**Q** 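Provided herewith is a single structure, encoded as structure tokens, for subsequent inquiry.
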Amino acid sequence: MTDFDETAAPELAAALDEAAAAIDRGEAVVYPTETVYGLGADAADAAAVERVFELKGRDRSKPLSLGVPSIEAARRYTRPSERAIRFMRAFLPGPVTVVVEREPALPDPLTAGGDRVGVRIPDHEVALALFERVAPTPVTATSANVSGSPSVTDVASLDPALRESVGAVVDAGPTPGTESTVVDPERNVVHRRGAMADAIVAWLAEETGRDPVVEDD
């Protein structure tokens, strides 16, 4: 369970209720994470996923990740290997996107037709509170910016057209702005270095007995 104290922040709790209802209606919402603000919709619904691509102007060949509140919730939609589970237990919640095998029930647009999907369990109590509200529905985890524009670390920087097109905006103040590290533990590949990258590389090297492939070095 999240540590978010709803009684101490009733306006934020109301915003989370509004966002959860919007996701249930198939709309997209903006929510905070420990990296940047995210754009969330029902990741198990193809139409909702397509809406996220439209709002961002994102190329359909670039997959989206999904956000969930726990490793157990992730396993409902993915098929992580034992190594991936060990990795997730070591680094999640945290600013890490863990790439694992998907369940066929996930819509193809989410993964650009691929057989793997990124999983995010943010180390952010408000994001986790939102994910728990809509569980077992997974939420798309992608930055809340128009493709090609900088990531959003404060809702004041949201693209006006995007802001008007979402069902809710959950404002929890500024976010740090550091990108998550994207890693495929089973394949021993770091797709993108970001937060905690050195610790992740060290873990993979110790686990596998060889240095991981780091694609953006």
Side-chain angles (χ1 to χ4, degrees), residues 1-4 16 19-20 23 28-45 48-49 52-53 55-56 58 62-81 84-103 106-107 109-112 114 116-145 151-153 170 172 175-187 189-197 199-200 203:
M1 296 292 291
T2 177
D3 294 329
F4 177 57
L16 285 168
I23 290 172
V29 304
V30 173
Y31 64 92
T33 76
E34 83 282 44
T35 57
V36 298
Y37 272 82
L39 186 61
D42 183 347
D45 180 83
V49 171
V52 171
F53 277 104
L55 287 171
K56 285 178 65 69
R58 185 179 177 90
K62 297 180 178 179
L64 303 178
S65 297
L66 60 85
V68 288
S70 66
I71 296 172
E72 291 70 28
R75 296 181 79 165
R76 183 184 181 99
Y77 296 97
T78 64
R79 298 174 177 177
S81 66
I85 290 292
R86 290 193 296 273
F87 179 89
M88 293 165 86
R89 287 174 177 159
F91 288 97
L92 299 180
V96 185
T97 301
V98 186
V99 179
V100 297
E101 184 180 352
R102 60 175 276 196
E103 283 285 358
L106 287 175
L110 184 76
T111 65
R116 302 179 83 70
V117 67
V119 174
R120 278 279 276 130
I121 304 176
D123 188 14
H124 194 288
E125 60 184 15
V126 177
L128 293 176
L130 175 61
F131 293 171
E132 287 177 355
R133 272 169 164 74
V134 300
T137 299
V139 178
T140 59
T142 184
S143 54
N145 60 303
S151 296
V152 173
T153 58
V170 180
T175 63
T178 304
E179 291 184 319
S180 67
T181 291
V182 181
V183 56
D184 188 326
E186 183 60 25
R187 296 180 175 176
V189 175
V190 175
H191 293 294
R192 182 181 73 194
R193 288 183 64 96
M196 302 176 66
I200 288 167
W203 188 96

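Every value quoted in this text rests on a predicted model; they were computed, and no experiment measured them. Side chains are part of it too, since the values below use all heavy atoms of this structure and drop only hydrogens, waters and symmetry mates.
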**Q** Which distance, rounded to the nearest 0.5 Å, do you find between the CG of Leu106 and the CG of Leu64?
**A**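 Here the interatomic distance stands at 11.5 Å.
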**Q** Under the criterion side chain to side chain contact (heavy atoms under 4.5 Å, CB included), I'd like the reasoning laid out for Val152 against Val36: C-alpha separation, chi angles, the key distance, then a yes or no.
**A** CA-CA 6 Å; Val152 173; Val36 298; 5.9 Å; no
**Q** Going through the distances and angles, do Val126 and Tyr31 end up as a side chain to side chain contact (heavy atoms under 4.5 Å, CB included)?
**A** CA-CA 8 Å; Val126 177; Tyr31 64 92; over 6 Å; no
**Q** What residues, two or more places apart in sequence or in another chain, satisfy side chain to side chain donor-acceptor pair (under 3.5 Å) together with Arg76?
**A**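 Listed in chain order: nothing, the list is empty.
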**Q** For Arg75, give me all partners under side chain to side chain donor-acceptor pair (under 3.5 Å), at least two apart in sequence or on another chain.
**A**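 So Arg75 forms no side chain to side chain donor-acceptor pair (under 3.5 Å) with any residue.
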**Q** Return the minimal non-hydrogen interatomic distance between Val52 and Ala28, and the atom names on each side.
**A**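 In this case the closest contact between Val52 and Ala28 is CG2-CB, 4.5 Å.
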**Q** So how far is it from Lys62 NZ to Lys56 NZ, rounded to the nearest 0.5 Å?
**A**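 Lys62 atom NZ to Lys56 atom NZ measures 9.5 Å (nearest 0.5 Å).
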**Q** Whether the side chain of Ser180 engages the backbone of Val96 through a donor-acceptor N/O pair (distance < 3.5 Å, no angle test) should be reported.
**A**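 Such a contact is absent between Ser180 side chain and Val96 backbone.
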**Q** Please report the closest heavy-atom contact between Pro32 and Ala172, naming both atoms and the distance.
**A**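 What the structure gives for the nearest pair is CG-CB, 3.7 Å.
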**Q** Please list, chain by chain and in numerical order, all residues satisfying salt bridge (Lys or Arg N to Asp or Glu O under 4.0 Å) with Arg79, sequence neighbours excluded.
**A**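 Counting only residues at least two positions away or on another chain, Arg79 forms a salt bridge (Lys or Arg N to Asp or Glu O under 4.0 Å) with Glu101, Glu103.
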**Q** May I have the step-by-step check of side-chain hydrogen bond (donor to acceptor under 3.5 Å, both in side chains) for Arg102 and Thr111, ending in yes or no?
**A** CA-CA 9 Å; Arg102 60 175 276 196; Thr111 65; 2.8 Å; yes
**Q** Partners of Glu179 by salt bridge (Lys or Arg N to Asp or Glu O under 4.0 Å), sequence neighbours excluded?
**A**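 So Glu179 forms a salt bridge (Lys or Arg N to Asp or Glu O under 4.0 Å) with Arg192.
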**Q** According to side chain to side chain contact (heavy atoms under 4.5 Å, CB included), who are the partners of Ala48, at least two apart in sequence or on a separate chain?
**A**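 For Ala48 the side chain to side chain contact (heavy atoms under 4.5 Å, CB included) partners, ignoring immediate neighbours, are Ala41, Asp42, Asp45.
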**Q** Partners of Arg58 by salt bridge (Lys or Arg N to Asp or Glu O under 4.0 Å), sequence neighbours excluded?
**A**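 For Arg58 there are no salt bridge (Lys or Arg N to Asp or Glu O under 4.0 Å) partners, ignoring immediate neighbours.
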**Q** What residues, two or more places apart in sequence or in another chain, satisfy side chain to side chain contact (heavy atoms under 4.5 Å, CB included) together with Ala43?
**A**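 For Ala43, the residues satisfying side chain to side chain contact (heavy atoms under 4.5 Å, CB included) (neighbours in sequence not counted) are Leu66, Leu110, Pro138, Thr140.
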**Q** For residues Val68 and Leu128, report the shortest heavy-atom separation together with the two atoms involved.
**A**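 Heavy atoms of Val68 and Leu128 come nearest at O-CD2, 4.2 Å.
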**Q** For Ser151, give me all partners under side chain to side chain donor-acceptor pair (under 3.5 Å), at least two apart in sequence or on another chain.
**A**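 With sequence neighbours excluded, Ser151 shows a side chain to side chain donor-acceptor pair (under 3.5 Å) to no residue whatsoever.
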**Q** May I have all residue pairs that pass salt bridge (Lys or Arg N to Asp or Glu O under 4.0 Å) and include part of residues 134-145, sequence neighbours excluded?
**A**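 Matches after skipping sequence neighbours: none remain.
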**Q** What pair of heavy atoms forms the shortest contact from Ile200 to Ala195, and how long is it?
**A**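 Closest pair (atom of Ile200, atom of Ala195, distance): CD1-O, 4.2 Å.
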**Q** The test is side chain to side chain contact (heavy atoms under 4.5 Å, CB included); show your working for Leu39 and Val30 and say whether it passes.
**A** CA-CA 5 Å; Leu39 186 61; Val30 173; 4.2 Å; yes
**Q** Who passes ring pair (Phe, Tyr, Trp, His ring centres under 6.0 Å) against Phe87, sequence neighbours left out?
**A**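 Partners of Phe87 under the ring pair (Phe, Tyr, Trp, His ring centres under 6.0 Å) test: Phe91, Trp203.
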**Q** Checking Asp184 against His191 for the side chain to side chain contact (heavy atoms under 4.5 Å, CB included) test, could you report, in this order, the C-alpha distance in whole Å, the side-chain angles of both residues, the deciding distance, and whether it holds?
**A** CA-CA 7 Å; Asp184 188 326; His191 293 294; 3.9 Å; yes
**Q** Quick check: closest heavy atoms across Ala20 and Arg133, and the distance to 0.1 Å?
**A**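 Where Ala20 meets Arg133 most closely, the heavy atoms are CB-CB, 3.9 Å.
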**Q** Sequence neighbours excluded, which residues qualify as side chain to side chain contact (heavy atoms under 4.5 Å, CB included) partners of Ala19?
**A**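 Counting only residues at least two positions away or on another chain, Ala19 forms a side chain to side chain contact (heavy atoms under 4.5 Å, CB included) with Val29, Leu130, Ala168, Val170.
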**Q** Quick one: side chain to side chain donor-acceptor pair (under 3.5 Å) partners of Thr33, sequence neighbours excluded?
**A**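 Side chain to side chain donor-acceptor pair (under 3.5 Å) check on Thr33 returns Thr35.
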**Q** Of all heavy-atom pairs between Pro109 and Phe53, which one has the smallest distance, and what is that distance?
**A**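 Heavy-atom minimum between the residues: O-CE1, 3.4 Å.
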**Q** So, taking the atom named OG in Ser81 and the one named CE in Met88, what distance separates them when rounded to the nearest 0.5 Å?
**A**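 Interatomic distance, Ser81 OG to Met88 CE, rounded to 0.5 Å: 9.5 Å.
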